[in-house]
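The structure under discussion appears below in the form of structure tokens.
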Amino acid sequence: MGINVSRTADLGSNQWLQRFVGRQHIAHDDEAFWNALLNYNIVLPENSQDQLNLDSRLEALCQSFIGNNLKTGNFGSLVTVFLEKTSELLSLSDQESNMHVWQTFNALFIIRSLVKYINETGSEFQLLQHFEAMPNTELLQAALEQQQQTPAESATIAMEATEQSAAAAVPVIVDGSKFETFIDALVNLIVVIPVKEFTYHLHLEAVNMLITLLSVHLFAQQPTDKSIVFRTVFKCQHANVLMSALLHFVSRMVEVPHTMFGSSSAGSFVFGIAESLLSIFTFRKQPDVLKAGQAAGGGELSQRFRTHYPLANQSLLLILILTNHCTAQDNAYRTSLFSCADSKDSPKQGAVSFQIDFSAVYETLCTIVTIDQATLLLYLLLHRNERFYRFVMQQQDLEQLVIPILQTLYNAPDSNSHHIYMSLIVLLILSEDEGFNKNMHTIMLKNITWYTERTISEISLGGILILIVIRTIQYNMLKMRDKYLHTNCLAALANMSGHFRALHPYVAQRLVSLFETLARKHTRLDAQLKEPADSAVFVNVSTTPEDMLQDLSVLEEVLRMVLEILNSCLTNQLVYCPNLVYTLLYKRSVFEGFRSHHAFQDVIQNIDMVVGFFSSRLQRVQEQRGELGVNEVLEVISKGASQWSSDRLRKFPDLKFKYVEEDAPEEFFIPYVWTLVCKYGCVHFSSESIKSVTTDVAC
């Protein structure tokens, strides 16, 4: 099938590419030329170095294209050829369309390469000019005559026409009509043509094309609401079917074929418009490659996902782009994702954009949730799609979702701060459901090999969740010092605290140790502030007393929250948490310095009351039996708990925290999404040309 283009081929000497970017107009119906140009096999770039090599080999051709296309209109001819081939695909059988798919892909690859070059070196207006450019009269006449002449006569006519028009650049009227038609064709290709072995790369190229067009955001200084590319894509009438197709691509997670355009059995491409999108996917889902490495780090999993499931990976990234841009206006893609429903249900309330098998979406997210883009999609669905949130809460295997999220937090030094933050927000959103909080302590786990702080033979999912969140708080105190991260960690623990049950002894120890660690820090900071200003205590000259006062205030908020979490557990679940009572008895001294502190004394009174009640019982038993062992102490606590009444404790409001997205969320999400596109996507952009991604999350 045509010539093979290796990664080292000299593209500048290709006669068909030279003619395409040259000074002659090539009509869209010049079949001989287009068949010759589009008969090639390209080795696609697999990483940024491959892309850099390809870009360097295309540089001279692209410069010629920029200099000549506004007069020749050859880019418009190529777009027309692509449009014609896309429409013809719908009426061809598989056997007939195999060559057609190949040439359509090749046309689209050339278009994407040129769009990428214009985005990186020019402006959006120039991009649209090239889409709409028409040949001037002399070149158009020469092209018509050339098709009727011998090769020698053709060359003479073309040369004369080129000389006449070389200095006369025709002003291009940019009305966007051809560009709109092109976008519609891409959408139709994605949603109507079924994914089969020999169409897989065509679908992938169409998704990559949309990402490349929208990447104008990276290289332009103007806001997206002023961008014609964004306005055209976001006014698309097919938002629901496009979002449906993309989410199906993600959930089905079809593995990339071993060959780009393999043979297939006969059949028709025509699918009824009312036919379920589920039926167009003919591949068996093959997640084994990822499941085998589920315990691996997020970076390694991201690489496998991109390599083995590029269509799912790129579709996921495109979903994130479409749903996180233009949030201030009516965003049909965002609305579509947030109002989709389970295909196995018959929704009775609210508008439904499309239906999809939530089980498949849930299973895929469980498999890949340790990678940034999957965590972000999970966040969007849980936070904004109430139907999906309810579906997740009903699952009996929640550990399949929660454990990978906990692994991300456990491996915090290997994760970026944004991923840690989003993982915590997902836990916070999950903890808003009381059923979830109860279930966490009924799911038992054995031999958790990835948790290496201590060997634990058996622990509840709720117990390991508490351990990981406490560990994240301590990591944040040492490394990140992010107040919002503290807040989200503690809010999740607070939501769950009224349902803590059967806490493992180590979990109880870590809860009280968290207060102990914070208390020591509070004591040190308070002592430093009380020293004279010229004292040597202020070793760090960059830390002012004002900074320390602010740190002390934040620390007191955190300490108060930890005390309220302990109090909530004792108020609601004391009878089920003997190990926590045991630890409080053992560590009662850590609260001594805070009993008279105005910020803590009301909550500590409750803890003191519990400690006092069980201390007196233990003292009486010890007087009768002598020294007690651990099991005997726990036995006394269990018996005492059956006689304890929480009515003795001072009442506090129930701890219920709800995640609320901050104002202008796009300031966080848009740079984050494009960072993920650049880092984990299959389309590699020139980092030197990027202007709009902020430096703290640069690609």
Inset, instruction - Look at atom CD of Q396 and say whether more than 12 heavy atoms of other residues, nucleotides or ligands are closer to it than 6.0 Å. - result: no
Inset, instruction - Could I get the full list of salt bridge (charged side-chain N to carboxylate O under 4.0 Å, His left out) partners for D526, not counting sequence neighbours? - result: K530
Inset, instruction - Measure the spacing between OH of Y389 and CG of L382 and express it to the nearest 0.5 Å. - result: 7.5 Å
Inset, instruction - Start with the C-alpha distance between V512 and Y586, add both sets of side-chain angles, then the distance that settles side chain to side chain contact (heavy atoms under 4.5 Å, CB included), and finish with yes or no. - result: CA-CA 10 Å; V512 178; Y586 186 72; over 6 Å; no
Inset, instruction - Say whether Y362 and D342, considering side chains only, have a donor N or O and an acceptor N or O under 3.5 Å apart. - result: no
Legend entry - Heavy-atom neighbours of Y576 OH exceed 12 at 6.0 Å: no
Legend entry - side chain to side chain contact (heavy atoms under 4.5 Å, CB included) evaluation trace for F669 with L376: CA-CA 9 Å; F669 287 110; L376 196 45; 3.6 Å; yes
Legend entry - Side chain proximity check, L398 to L430, heavy atoms < 4.5 angstrom: no
Inset, instruction - Please assess E556 against R560 for the test salt bridge (charged side-chain N to carboxylate O under 4.0 Å, His left out), listing each intermediate value before the final yes or no. - result: CA-CA 6 Å; E556 288 180 354; R560 170 82 190 190; over 6 Å; no
Legend entry - Heavy atoms from other residues, nucleotides or ligands near NZ of K651 exceed 12 (cutoff 6.0 Å): yes
Legend entry - Side chain proximity check, I466 to H441, heavy atoms < 4.5 angstrom: yes
Inset, instruction - With rounding to the nearest 0.5 Å, note down the distance linking CG in N606 to CG in L649. - result: 4.5 Å
Inset, instruction - With sequence neighbours left out, write down each residue that passes side chain to side chain contact (heavy atoms under 4.5 Å, CB included) with N439, or none if nothing qualifies. - result: T442
Legend entry - Sidechain N-carboxylate O distance under 4.0 Å for R384, E661: yes
Legend entry - CD/Q550: more than 12 non-hydrogen atoms of other groups inside 6.0 Å: no
Legend entry - CG on L317 to CG on L246, rounded to 0.5 Å: 11.0 Å
Legend entry - Flag side-chain contact, heavy atom, 4.5 Å: H325 against Y333: no
Inset, instruction - Return the orientation label for the H504 and Y506 ring planes: parallel under 30°, perpendicular over 60°, tilted otherwise. - result: perpendicular
Legend entry - Reported CE-to-CE distance for the pair M496 and M440, which is rounded to 0.5 angstrom: 8.5 Å
Inset, instruction - Measure the acute angle between the ring planes of Y451 and Y410, then classify it against the limits of 30° and 60° as parallel, tilted or perpendicular. - result: tilted
Legend entry - Shortest non-hydrogen contact from N579 toward P505: ND2-CD, 3.6 Å
Inset, instruction - Any chance you could measure H486, atom NE2, to L518, atom CG, to the nearest 0.5 Å? - result: 7.0 Å
Inset, instruction - For the residue pair L377 and V361, establish whether any side-chain heavy-atom pair is separated by less than 4.5 Å. - result: no
Inset, instruction - Taking atom types as modelled, find out whether Y672 and Y421 have a side-chain donor-acceptor pair closer than 3.5 angstrom. - result: no
Inset, instruction - Grab the two heavy atoms, one from L525 and one from L552, that are nearest each other, plus how far apart they are. - result: CD2-N, 3.6 Å
Inset, instruction - Applying salt bridge (charged side-chain N to carboxylate O under 4.0 Å, His left out), name anything that partners E635, two or more places apart in sequence or on another chain. - result: K639
Inset, instruction - Starting from the C-alpha separation in whole Å, work towards a yes-or-no answer on side chain to side chain contact (heavy atoms under 4.5 Å, CB included) for N488 and L427. - result: CA-CA 9 Å; N488 286 313; L427 285 184; over 6 Å; no
Inset, instruction - Would you give the length of the straight line joining atom CG of L406 to atom CZ of R471, rounded to the nearest 0.5 angstrom? - result: 11.5 Å
Inset, instruction - Could you label the plane-to-plane angle of the F391 and F358 rings as parallel, tilted or perpendicular, counting under 30° as parallel and over 60° as perpendicular? - result: perpendicular
Inset, instruction - Check whether any side-chain heavy atom of L378 lies under 4.5 Å from a side-chain heavy atom of L401, and answer yes or no. - result: yes
Inset, instruction - Take C569 and L580 through the side chain to side chain contact (heavy atoms under 4.5 Å, CB included) test and state the conclusion after the steps. - result: CA-CA 9 Å; C569 179; L580 180 60; 3.6 Å; yes
Legend entry - Close side-chain approach of R524 to K521, heavy-atom, < 4.5 Å: yes
